[in-house]
Amino acid sequence: MLWLVILAVVVMIAAALLTVFLRSYLAAVAAVSVVSLALAVIFALLRAPDVALAEAAVAAGLSGVLLALTVRRTGLWRSDAGDGKK
Amino acid sequence: MTVIGDIFLLVGAVFLCLAALGMVRMPDVFNRIQTGTKGSTLGALSVLIGVFFHHPDWWAKLVVLAVFVLVTSPVGSSIIARAALATGLRPWHQAEDEETV
Amino acid sequence: MMGLEIGILGGIAVALLGIAVLLGAARLVLGPTVADRVVAADILTIITTAALVWLALVQDSAIVLDIALVFGALSFVGVVAIARALEKRS
Amino acid sequence: MTRRFAMTFAGLLFVWILLTGTLAVQEIIVGILVAAGTAAISIRHLQWLDDVMLTPLLPLHLGRYFFTFFKALIFANFDVARRVVTPGMAIRPAVVRVHTELHSDLGKLWLANSITLTPGTLTVDLDGQELLIHWIDATPGTDLETATREIVAGFEKVLKEFLK
């Protein structure tokens, strides 16, 4: 079990670093949703199912949708550099 | 019963693992979606069946989850493929030309 | 850590799931285009849903199934939203 | 409209019963209220429900569909697994455009989903009656148009029994 928590933490940290360093906003949104995914798994592993439920509902779903819609509405994808059409 | 459940769980894990491996190995987005979505759908279904053999009293929620995975996973992959097409990723261009001839 | 018993087959299944998560995360980190990363996130959510169902079995608590359900539903909506936003940038 | 309401209501109530997992009277009453409310709100956006042809034979057709579908899904997985573990790239991607005879949105969605989970094919785009299909392995020499047509026709035949 401990190894699973460590694995989830590693994935979470990787995705969080990716969120910071990615130049494309949309890719960063995808990485953020992976962060909250890993966080929900950690909560579930640590036997806090109610917290995990809230985390899955709010962070994985709503914040991803909101961020994606924001990127779409504000046209921030125009400032994408490099990380896109290849 | 438990052994059958374990076998289904194992098969599901193998297919999920193969799907992820396909994601890493395939050369372009569309092939990644192909390998990823098929393997993960059957893998998830197989895990659900395995859990059903361990805990038959959970059947109702497992059925809802199975229907959910079956409906959403192909829709999700199709929509990503469509978005990839819209962003201008077209690795198969020559093949398409050959065909129309 | 928590004294949960997992059989040998179950242990192998966990290891495979862990490898699958790592491989998916590798595609998320490497993937040259945005679409690659979104696909990786999508596959990771499906793997996670399956892993949560399995976790419900290990912890023997049906509420984890609810987490899997909510998680599957909302992450699908999230992936669709990202894909739609990606589509618009063409 | 009544038909649509009845279908939505029945479906939602069924899901409610599955999720709560009991047949206790108070749960059912709450479920009826919630299902009726949700159905009343969402009914205007559910035009696709009109595409389902309700016949006594519907369960039979659904069963036949799922039989074909699961056979294809399992075959597809072994196919994909073989490609993934084969050293080198065992793929030759190509793209094909095919015409479908299904008119309803639900029918086309269902067809597209089925194709995505069939061996070697992926629905990329749906444009009117045209499906854009990506092939993972277009072996030279095979007639791709015909091969795709066959796959599409196989599902179409089953789906046309209960969808417009």
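Below, chains carry the letters A, B, ... as their sequence lines are ordered, and counting in each starts from 1.
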Subject >> Interface moiety of D:T121 toward chain B, non-hydrogen atoms closer than 4.5 Å >> reply: backbone
Original post:
Is there a donor-acceptor pair closer than 3.5 Å between any side-chain N or O of D:T116 and the backbone N or O of D:A112?
Top reply: yes
Original post:
Which atoms of D:L126 come close to chain B, meaning under 4.5 Å heavy atom to heavy atom: side chain ones, backbone ones, both, or neither?
Top reply: backbone
Original post:
Of D:L122, D:I115, D:T123, which meets side chain to side chain contact (heavy atoms under 4.5 Å, CB included) against D:H134?
Top reply: D:L122
Original post:
chain D heavy atoms under 4.5 Å from B:I80: which part of the residue, side chain, backbone, both or neither?
Top reply: neither
Subject >> Which portion of D:T118 sits near chain B, non-hydrogen atoms under 4.5 angstrom >> reply: backbone
Original post:
Parallel under 30°, tilted from 30 to 60°, perpendicular over 60°: which one fits the rings of D:F5 and D:F9?
Top reply: parallel
Subject >> Any donor-acceptor N/O pair, D:R4 side chain to D:I43 backbone, under 3.5 Å >> reply: yes
**OP:** Take B:F8 and B:V51, measure what side chain to side chain contact (heavy atoms under 4.5 Å, CB included) needs, and give me the verdict at the end.
**Re:** CA-CA 8 Å; B:F8 268 108; B:V51 173; over 6 Å; no
Subject >> Portion of B:W58 that has a non-hydrogen atom of chain D nearer than 4.5 angstrom >> reply: neither
Original post:
Out of curiosity, D:D125 CG to B:R82 CZ, how far, rounded to the nearest 0.5 Å?
Top reply: 4.5 Å
**OP:** Name the member of D:N113, D:T20, D:I74, D:V80 that forms the most heavy-atom pairs with chain B at distances under 4.5 Å.
**Re:** D:N113
**OP:** Check each atom of B:T41 against the heavy atoms of chain D and say whether the ones under 4.5 Å are side chain, backbone, both or neither.
**Re:** side chain
